[in-house]
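The structure under discussion appears below in the form of structure tokens.
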Amino acid sequence: MIIFKQNEDLIVKLQSIKNDGGTIGFVPTMGALHNGHVALIKQSLAANDITVVSIFVNPTQFNDKKDFEKYPVTIEKDIELLAKADNNILFMPSVEEMYPEGLEPAPAYDLGFLESILEGLYRPGHFQGVCRIVHKLLDTIQPNNLYMGQKDYQQCMVIQKLITGFNLATHLNIVPTQREKSGLAMSSRNMRLSAVAKENAAAIYKAHLYIKNNLLKLPLEQLREEAARLIIEAGFEKIDYTVVCDAFSLAPVSSYNAGQKLVVLTAAFIEGVRLIDNLPLN
Ligand code: AMP
């Protein structure tokens, strides 16, 4: 695996691959890698000539400074994991390298409704920072294929909007959520949980399954309330949202119409750590 820290060097390397007709797959990450990330990397390796993984803890997407400061950094382990996965290129730029213009003022991306709900509502500015960094990375790497996890459902929709809005020649591939045996969605943030909280945190997945399994049996609002109760009962301190939405628009849905594709999404805090997860329902 070759490690790059500068945009210019990476551009030269990738240009030579493109000149030879090679395809490029790209997996953006913030490090603290786990098997969820590996699933994305494996898909990219299988479908492209070269896979680039980036590790960059992007300061502009953290609306909460403490969350940024506490974000786990495990770079040596990450490099080991990437080498073992046979990844080709690791891009590990500094903040100065990605933001030579400084962090402020930030450009504005028009994300419409997506920015007014769920993560957009609870983490003001988060998706602006995500768009800013992914746009920069896509400009540098110009990948044929981009790989992102369904775990960040709304993020996938935001990035698809970015790609479409800027006419970028990149195809977004969405990879199913990888879970622990308990059902807990793998996440770098899980590293901050005690063993007990890690077990209890699987309640989000179980509550989502409860909604899925009873979709046709009980009114949606009743299912949603019971799911929220299950999550709190398992030891979560606070729920930002547990909500059933239209799977394509993310508009909240209060009653089930046959044929409408639905997804349930939750953000909740356990031991002060904010976890998100979702489950397509039909
Ligand atoms: P992160 O490092 O958390 O920013 O995640 C980098 C990429 O990995 C994003 O596209 C995430 O959606 C994806 N990802 C994170 N956790 C999982 C998971 N459990 N399953 C699948 N993809 C994931």
Side-chain angles (χ1 to χ4, degrees), residues 25-47 51-64 67-68 70-75 77-79 81-82 85 87 90-93 95 98 114 118-120 123 126-138 141 143 145-163 170-193 198 201-202 204-205 208 250 263 265-267 273-280:
F26 174 43
V27 182
T29 83
M30 296 205 298
L33 301 178
H34 50 68
N35 280 335
H37 298 113
V38 173
L40 274 60
I41 295 164
K42 281 201 173 138
Q43 270 211 19
S44 177
L45 286 168
T51 290
V52 180
V53 173
S54 66
I55 295 182
F56 181 67
V57 185
N58 174 34
T60 65
Q61 73 185 68
F62 287 85
N63 54 314
D64 176 355
D67 189 29
F68 175 57
K70 285 188 194 161
Y71 201 84
V73 176
T74 59
I75 196 64
K77 269 174 77 181
D78 291 351
I79 291 174
L81 177 143
L82 289 171
N87 179 54
L90 167 60
F91 184 44
M92 253 176 52
V95 172
M98 291 317 292
L114 280 178
L118 309 174
E119 294 303 281
R123 300 186 68 189
H126 168 64
F127 286 133
Q128 291 294 322
V130 169
C131 281
R132 192 171 170 195
I133 192 63
V134 173
H135 199 180
K136 280 171 181 279
L137 289 166
L138 291 179
I141 296 165
N145 286 298
L146 170 65
Y147 296 84
M148 301 192 94
Q150 190 165 31
K151 169 168 180 292
D152 296 280
Y153 194 97
Q154 193 175 4
Q155 173 170 273
C156 290
M157 292 177 70
V158 163
I159 295 305
Q160 186 56 63
K161 199 170 165 75
L162 175 82
I163 289 173
T170 292
H171 178 73
L172 173 62
N173 301 267
I174 299 174
V175 180
T177 304
Q178 307 297 305
R179 300 181 181 281
E180 305 288 352
K181 277 205 188 85
S182 64
L184 173 65
M186 291 179 181
S187 165
S188 306
R189 288 192 168 83
N190 295 350
M191 287 180 197
R192 289 170 51 199
L193 298 177
K198 240 182 170 175
I204 297 182
Y205 179 62
H208 287 174
L250 276 191
V263 57
L265 307 100
T266 291
V273 179
R274 189 173 183 278
L275 302 181
I276 63 170
D277 195 4
N278 67 80
L279 189 70

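Atoms within each ligand, like the ligands themselves, are counted from 1 in listed order. Note that the numbering runs from 1 along the sequence shown for the chain. Treat the numbers as computed from the prediction; the structure is a model and nothing was measured.
- By the 4.0 Å N-to-carboxylate-O rule, D67 lies close enough to R189 to be salt-bridged with it.
- At least one side-chain heavy atom of V53 sits less than 4.5 Å from a side-chain heavy atom of I41.
- Contact annotation for P28 and ligand 1: only backbone heavy atoms (N, CA, C, O) come within less than 4.0 Å of the ligand.
- Considering only heavy atoms from C-beta on, H37 stays 4.5 Å or farther from V27 through its side chain.
- C156 and I174 make their closest contact through CB-CD1, 3.8 Å (heavy atoms, listed as atom of the first residue, atom of the second, distance).
- The M148 neighbourhood of ligand 1 comprises atoms 10 (O), with distances under 4.0 Å to a heavy atom of that residue.
- Closest to atom 10 (O) of ligand 1 among all protein heavy atoms lies G149 N, 3.0 Å.
- At a heavy-atom distance under 4.0 Å, only side-chain atoms of L40, from C-beta outward, approach ligand 1.
- Atoms of ligand 1 lying under 4.0 Å from any heavy atom of T29, numbered from 1 in the order shown and given with element: 2 (O), 6 (C).
- At a heavy-atom cutoff of 4.0 Å, ligand 1 is contacted by no atom of F56, backbone or side chain.
- Annotation: atom 4 (O) of ligand 1 to nearest protein heavy atom, M30 CG, 3.7 Å.
- With hydrogens left out, the protein atom closest to atom 11 (C) of ligand 1 is D152 OD2, 3.1 Å, a heavy atom.
- Looking only at side-chain heavy atoms (C-beta outward), L184 and R179 stay at 4.5 Å or farther from each other.
- Protein heavy atom in closest approach to atom 20 (N) of ligand 1: Q178 N, 2.9 Å.
- A 4.5 Å side-chain heavy-atom check between L265 and L250 finds at least one atom pair inside the cut-off.
- Of the heavy atoms in P176, only backbone atoms (N, CA, C, O) come closer than 4.0 Å to ligand 1.
- Ligand 1 lies out of reach of A32, whose nearest heavy atom is not under 4.0 Å from it.
- Nearest to atom 8 (O) of ligand 1 among the protein's heavy atoms is H37 CD2, 3.4 Å.
- No side-chain donor from either of H34 and S187 sits under 3.5 Å from a side-chain acceptor of the other.
- Shortest contact from atom 15 (C) of ligand 1 to any protein heavy atom: H34 CE1, 4.0 Å.
- At the shortest separation from atom 3 (O) of ligand 1 among protein heavy atoms lies Y71 OH, 3.8 Å.
- Outside the 6.0 Å centre-distance limit, the rings of F26 and F91 are not counted as a close aromatic pair.
- Looking at ligand 1, you'll find an N or O of M186 within less than 3.5 Å of one of its N or O atoms.
- Between Y71 and F62, the two ring planes are perpendicular [angle over 60°; tilted spans 30° to 60°].
- The closest side-chain heavy-atom distance from V130 to H126 is below 4.5 Å.
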